[in-house]
Protein chains: 2
Amino acid sequence: MSLSRAQVVDAAYAVLGEQGLAGTSMRRVATELGVQPGALYYHVPSKQDLLTEVAVRILAAGPVSGVDPRQAAHDLRAALLRVRDGAEVVSFVRAFRPEALEPLHALPGLFGGLPPGRAQWAARTLVHYVLGFVAEEQNRDELVRSTIVADEPMRATESEEAFRFGVDAIVEGLTVLGA
Amino acid sequence: MSLSRAQVVDAAYAVLGEQGLAGTSMRRVATELGVQPGALYYHVPSKQDLLTEVAVRILAAGPVSGVDPRQAAHDLRAALLRVRDGAEVVSFVRAFRPEALEPLHALPGLFGGLPPGRAQWAARTLVHYVLGFVAEEQNRDELVRSTIVADEPMRATESEEAFRFGVDAIVEGLTVLGA
DNA sequence: ACCTGAACACCGTTCAAGT
DNA sequence: ACCTGAACACCGTTCAAGT
């Protein structure tokens, strides 16, 4: 039975979870599937496109429409934290194919109180914050994992608090200034 | 006359400006200096350390203490925009050696109205926003440069406006909620 | 249609050996 | 002390050839 595109994405997602983004090479994905590297290119045009699908999968667990912006921010963070380097992967895809990340396009709609232009800006502001914050958290995790830096207990709960503070402040400011 | 560490950093900064981060390899920096790749490792322990020095140089044009947080945000953005992929480079260095970026450590001091813990969080929030926003701007520039995507005039001034809106909203929210 | 084998043009880093 | 030459262990991608 031959390989499918979905299987390639699955394998890439699995390698990401095991090795992190730095360890997620096309060659390793191929090895995971028991196939030669070149075989992947029959199913996927490039590594960037493969990562795009992985990012979409990451966001599938993510923010839904119909909630308030604060909830959406927490949901987005939770989705990113589910896999190693999740924030980095989504940031990368946002850089070169932002239109592929449909879940993020619903966010402006959550700022119902603002005029459309402002709602767009507001959503971008919030997304930048969440991606930056979680990327920092996960980069820290990677450093801890490679024992370059020592783990400190209590970081998780302090992170939680700091994140909530930022979200609250940003949403507050956006709704006040956006009107 | 032999190479100096400063010359290697200069060359790396120059290559970054000409080729962007993706094109900034140790081998290209070596070529720029008319030297073999291995020679660089006599002056610099790794590519990561070299990029750390480049990031410090980028931030040297950056935010000063003694201004208000909004001014600092605009100064930081201006510094990042001076070189290609400046935000990406600083983000990368922040990931693996944040203590090296001294200029960013002064930012909590600008939130004088907040208790110290909150001022820390506030600074992080603002920095995440600025780095994320500028990284998006510069990634766009890279795509335009490679003609993957068309340039749209008016983007610069709209970017300016959007950035200011985000900064104003964040600083407003932070000072209101932080007290 | 789908995959292999093998190559191309790169990487960062190390290290003996030269001067 | 400083650099070269050459290698090691990787990359992403392409493509003829096989089945």
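Throughout, a chain's letter reflects where its sequence line sits, starting with A, and its residues are numbered from 1.
Each side chain to side chain donor-acceptor pair (under 3.5 Å) pair with one or both residues in residues 166-179 of chain A, not counting sequence neighbours, appears once here: A:Arg70-A:Asp168.
Within 6.0 Å of CZ in B:Arg82 there are 12 or fewer heavy atoms belonging to other residues, nucleotides or ligands.
Residues from residues 8-27 of chain B lying near DNA chain C, meaning a heavy-atom separation below 4.0 Å, are B:Ser25, B:Met26, B:Arg27 in numerical order. Looking at residues 43-51 of chain B, you'll see B:His43 sit with a heavy atom under 4.0 Å from some atom of DNA chain D. In the region residues 34-41 of chain A, proximity to DNA chain C at under 4.0 angstrom, judged on heavy atoms, holds for A:Val35, A:Gln36, A:Gly38, A:Ala39.
Closest of all the heavy-atom pairs between A:Gln138 and A:Glu88 is OE1-N, 4.4 Å. In plain terms, the two heavy atoms of B:Asp75 and B:Pro63 that are nearest each other are CB-CA, 3.9 Å.
Using atom C1' as the reference point in both D:dA16 and C:dC3, the two lie 12 Å apart (nearest Å). To the nearest whole angstrom, the two P atoms, one in C:dA9 and one in D:dA9, are 23 Å apart.
Considering CD of B:Glu32 and OH of B:Tyr13, their distance stands at 13.5 Å, rounded to 0.5 Å.
Stacking of A:Arg77 on the aromatic ring of A:Phe163 is recorded, both the 6.0 Å distance cut-off and the 45° axial limit being met.
For DNA chain C, the outermost nucleotides in 5' to 3' order that have an atom under 4.0 Å from a heavy atom of chain A are C:dA1 to C:dA7.
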Intra- and inter-strand pairing of DNA chain C, written as dot-bracket with Watson-Crick and G-U pairs under 3.5 Å and | for the latter, reads ||.|||||...|||||.||
Show the numbers, then the answer: is there a salt bridge (charged side-chain N to carboxylate O under 4.0 Å, His left out) between A:Arg155 and A:Asp141? CA-CA 11 Å; A:Arg155 209 189 50 74; A:Asp141 291 344; 3.2 Å; yes
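Using a 4.5 Å heavy-atom cutoff, the side chains of A:Pro98 and B:Arg140 are in contact.
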